[in-house]
Amino acid sequence: MTNCFILLAAGKGKRFKSNNPKQFTNYINKPLFMHSVDKAIKSELFKSIIIVSNTPIKSIKDKSIKVIKGGKERYQSSQKALNFIKNKRFTNVFIHDAARPNFSIKLLKKLNLNLKKNKAVVPYLTTDNSTKYRIKNKIQNLNRENLLFTQTPQCFNFKSLFNLSKLNNTKITDEATLFLDNKKKIKFIKGEESNFKITTKSDLKKINILNFYGIGFDIHKLIKNKKLYLGGIKIPFHSGLQGHSDGDVIIHAIIDGILGAMRKKDIGTLYPSNNRRFQNIRSPNMLSPILKNLDKEGYFINNVDINLICEKPKVSKYRKKIVTSLSNLLNLNKDQINLKGKTVEKLGLIGKEKAIACEAIVSLNYYA
Ligand code: ZN
């Protein structure tokens, strides 16, 4: 069985009141539509992902993701995507509206499981509101117990959906409508309250994001005949930092800050100095598995503030370069990183240029 994930991101979103369509607005650290893409990838349920968009998307480099142009109406975009994949032999297709970025991977897996015995599986919610129904000027009571509010992702046997979709030329708001209109069976499963649709700007603030802070400190001795690395770049200097690794105090302090905020102990536990495997390791290579784990667990960095404590080199001279390097390594914008230089009035070992120290505070946001 092979699955395809179709993400409908071609809507104009008139109620959102912005020049930038809402699916491309920045939402919790990335473009809104990317939340759905990333979850589809992480679920490992899909051989291919199709994004239907009327705005060009350049940032996608993954070969399993295709961007195609959408239609004027939602149903036309959906039809275009189904046509695009009609010869690609997918057993099932999941269709999702980009305006719902907050579904869980668990929901995707539940939908997939139910597809084994059904040709259409659709998540729904009930309501607690007393409900009325208007017909022309008359308002009638409606029993809320009988109401189903459908969400996306919805998933279908590809052939069944394709055949129904081909014949449709009415404005439908979801694919479940097609199945019901044609008296085909749907398996309804419980949806998620958090999987709400983002329609207006105030919807962007509905989700609860947790903040965590971590502090990191590091110091290394300066020795002759070693290259000096700070923030991932080589700095011309009379000495370098002694250590098991390249001694990059900035990256080490940041790593400890990240681990602190994630409540995952410290750099020494992850990279014990008695392990030969880590001999002469470059610090960016120590950082990258930690960043992967950070992303996997649903955290992202909000900002990093750094104090580099040394007599020399002069921080002001290298600030730009170091911040640029860190922004590449951490995948952050430069304005999320601040680097301060602190001398120690020529006092102690640091004052005599025998050591360099660094402290960093990292703020993480958590959203899963
Ligand atoms: Zn260190």
Side-chain angles (χ1 to χ4, degrees), residues 212-294 299 301 303-315 317-319 321-332 336-344 347-364:
F212 294 94
Y213 303 94
I215 185 166
F217 174 79
D218 197 27
I219 183 163
H220 282 258
K221 220 197 244 179
L222 279 164
I223 50 161
K224 295 275 174 207
N225 302 319
K226 204 176 172 189
K227 286 171 191 153
L228 177 66
Y229 285 98
L230 289 173
I233 54 163
K234 205 160 73 181
I235 307 267
F237 200 51
H238 58 67
S239 306
L241 292 167
Q242 189 180 35
H244 201 58
S245 63
D246 61 12
D248 193 325
V249 283
I250 295 184
I251 294 186
H252 296 179
I254 291 173
I255 289 178
D256 259 354
I258 294 173
L259 292 173
M262 288 177 77
R263 289 139 297 135
K264 300 265 184 203
K265 297 184 185 152
D266 53 44
I267 190 170
T269 312
L270 282 181
Y271 299 102
S273 55
N274 56 14
N275 190 330
R276 286 175 123 211
R277 212 151 57 88
F278 306 126
Q279 188 83 48
N280 297 324
I281 187 172
R282 284 291 319 276
S283 297
N285 297 334
M286 299 165 82
L287 180 66
S288 67
I290 289 160
L291 293 176
K292 265 191 201 133
N293 198 33
L294 179 105
Y299 292 92
I301 299 173
N303 77 309
V304 180
D305 186 27
I306 306 153
N307 284 339
L308 184 67
I309 308 159
C310 59
E311 212 53 51
K312 267 182 197 160
K314 268 226 155 313
V315 170
K317 198 172 162 191
Y318 298 103
R319 180 179 283 122
K321 275 190 176 167
I322 294 175
V323 170
T324 303
S325 160
L326 289 174
S327 86
N328 290 330
L329 291 172
L330 295 162
N331 201 13
L332 294 176
Q336 291 173 286
I337 302 165
N338 189 57
L339 173 64
K340 306 196 286 299
K342 264 268 144 292
T343 62
V344 289
L347 292 169
L349 286 174
I350 294 176
K352 291 186 180 69
E353 292 181 36
K354 297 252 189 274
I356 292 180
C358 182
E359 47 191 10
I361 283 192
V362 177
S363 140
L364 293 187

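Both counts, for ligands and for their atoms, begin at 1 and track the order of listing.
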**Prompt:** If you count the non-hydrogen atoms of other residues, nucleotides and ligands that lie under 6.0 Å from NZ in Lys226, is the total more than 12?
**Reply:**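 Yes, the 6.0 Å shell around NZ holds more than 12 heavy atoms from other groups.
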
**Prompt:** Protein N, O or S atoms at less than 2.8 Å from the Zn ion (ligand 1), how many?
**Reply:**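 N, O or S atoms of the protein closer than 2.8 Å: 3.
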
**Item:** Glu353, Lys342, Lys354 screened by side-chain contact (heavy atoms from CB on, under 4.5 Å) with Glu311, the one that passes
**Value:**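 Testing Glu311 for a side-chain contact (heavy atoms from CB on, under 4.5 Å) against Glu353, Lys342, Lys354 leaves exactly one candidate, Glu353.
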
**Prompt:** Does a donor on one side chain and an acceptor on the other come within less than 3.5 Å for Asn303 and Gln336?
**Reply:**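 No.
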
**Asked** Going by atom types alone, do Asp266 and Thr269 pair a side-chain donor with an acceptor below 3.5 Å?
**Response**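 Per modelled atom types, Asp266 and Thr269 side chains form a pair under 3.5 Å.
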
**Test salt bridge (Lys or Arg N to Asp or Glu O under 4.0 Å) applied to Lys340 - qualifying residues, sequence neighbours left out** =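 Scan of Lys340 (salt bridge (Lys or Arg N to Asp or Glu O under 4.0 Å), adjacent residues dropped) gives Asp305.
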
**Request:** Specify the closest pair of heavy atoms between Ala261 and Val362, including all atoms of both residues, with the distance to one decimal.
**Result:**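 The pair with the smallest heavy-atom distance is CB-O, 4.3 Å.
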
